[in-house]
There are 2 protein chains.
Amino acid sequence: MRAELEFLQNHSLTSVLRRELETLILSGEFAPGERLNENSLAIRFSVSRGPIREVCRALAEKGLLELVPNRGVFMRRIGEEQAAELYDVRAGLFASAARLLATKVTPEQISELQSLLDRMEEAVLANSLDNYYPLNLEFHDSILRFAGNSRLHKAYSELVKELHLFRERALLQGGGLTVSNIEHRRIVAALGAGDATAAMDAAFAHVLSGKSRMTLPAAADTEHSIGGTAKTTDIA
Amino acid sequence: MRAELEFLQNHSLTSVLRRELETLILSGEFAPGERLNENSLAIRFSVSRGPIREVCRALAEKGLLELVPNRGVFMRRIGEEQAAELYDVRAGLFASAARLLATKVTPEQISELQSLLDRMEEAVLANSLDNYYPLNLEFHDSILRFAGNSRLHKAYSELVKELHLFRERALLQGGGLTVSNIEHRRIVAALGAGDATAAMDAAFAHVLSGKSRMTLPAAADTEHSIGGTAKTTDIA
DNA sequence: TTACTGCAAACTGTCAACAGAATACAGTGC
DNA sequence: GCACTGTATTCTGTTGACAGTTTGCAGTAA
């Protein structure tokens, strides 16, 4: 019961709604550019329009939705240029984390990262994107976590969520995995050596490399994901 | 009249309110941790509570306000640790801008930055913080602008706004100006040489240097700003 | 005097309803 | 058949009101 009381105090209806709608958005429930009907959402969640509107305003501020006066809220549509811009921001945050971590990383953390590198290497050899993808996420997340700056971590995570809205991106070619993991090794090597500048540089270059891997093939084939929820992945 | 119509279409009541309230907050109208009464705000702006609530949700998402269930909205209180974290994020964004700019900067932009450096140098010699401060802002803003990434620029600006909430910081000592401008010169030199890594490194180090200039003296004297709206400045 | 209890006022959370704008569609003229 | 106009519908923007919670205060007992 104690736990339930605490739940009621910390999680208001609005905050629950917010989380719920965010999950819905990130799960691909709505198509890019699709309009969200406030009334429908209100009925769907069995609440009135007030809380729905508040949640939409918050998510719009976060960059997941778009507000058009007198027309309503729309799923944010992220074009190639906007995605490219987001990559630059993400690169800066990731580089910051790497640089901060370089001066304080512990041997245990290095070996944990090494372990991830090895497991990713296996996935590369098996040419298994399905195995590589979650390890890649964990690798990046670990660096952010080890950096020990919760605000930086939060900003990075939100940026990754925002990038998920960019669905018109190409699937990664097999060769990308090899390159990606080589870059990973370079980052860990710099971290292990305590070289802040090199770590920052490698981290930044890695994300930018992912950006070019992502946008270049997309220009050649932009129709592949229309009408489906093709599982696109993001190796950076 | 054309302009007025366009104004009505693009700026809804909520968006105007949002800007207004944000200005109020950043101007120091409310003390850190102070509670904002929804009804008072509604009366003050002659609107109902609905729009006020939506605006507050948006500004809370942005990090300027804090929401406590069943108790209301409060001015966000930023402690020293949080401010330190924000500096790291800011450093990453600024470094990203510097690195991106290094590969595309034009001679005209370099000379514009040089001009700012010279004018800051004058302010340093005159030991005039009042002259130095706006030039310093313009210097940083110019680099973000020249970098040509609007999203990065926006993220940086919002972070600076968020940092403004940290009022318990010390005024800058005179010596800081000299150091700060030396760091500025190092950034511009790297940019002019087209050295992306050096530019990124110098930019990151500069913001972190500003962070230590900010937090160290504050630890020695944390009571200086109580009860007043002392004009504190932020040299980084 | 101090601590506790109970009540009252104030405020937030939520809802339902109204006004105005945008959209879709039927009707009319060419 | 096609473009245009006027109307009806739908949806957003905003408001006022009610329910539940928190806060402040007066009253009481130790």
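Each chain gets a letter, A, B and so on, in the order the sequences are listed, and its residues count up from 1. If you're wondering where the values come from, they're calculated on a predicted model, not measured in any experiment.
- Between B:Leu17 atom CG and D:dT14 atom P the separation is 8 Å, expressed in whole Å.
- Side-chain proximity of B:Glu38 to the nucleotides C:dT12, D:dG13, D:dT23 is greatest for C:dT12.
- When distances are taken from the side chain of B:Arg35 to each of D:dT14, C:dC11, D:dT12, the shortest belongs to C:dC11.
- Picking from C:dC11, D:dT15, D:dG13 the nucleotide with the shortest atom distance to the side chain of B:Asn37 gives C:dC11.
- Phosphate proximity of D:dG13 to A:Arg57: present, with a side-chain N or O under 4.0 Å from OP1 or OP2.
- When the P atom of D:dC11 is taken as reference, atom CG of A:Leu67 falls 18 Å away, rounded to whole Å.
- The interatomic distance linking B:Asn39 (CG) with D:dT15 (C1') rounds to 13 Å, in whole Å.
- When distances are taken from the side chain of A:Arg49 to each of C:dT14, D:dG16, D:dT12, the shortest belongs to D:dT12.
- Counting any heavy atom pair closer than 4.0 Å across all strands shown, A:Ile52 reaches no nucleic acid atom.
- Which of D:dT21, C:dA22, C:dT14 sits closest to the side chain of B:Asn70 comes down to D:dT21.
- Of the candidates B:Glu85, B:Glu162, B:Glu81, B:Glu162 is the only one forming a salt bridge (Lys or Arg N to Asp or Glu O under 4.0 Å) with A:Arg151.
- Within the nucleic acid shown, A:Gly50 has no heavy atom closer than 4.0 Å to any nucleic acid atom.
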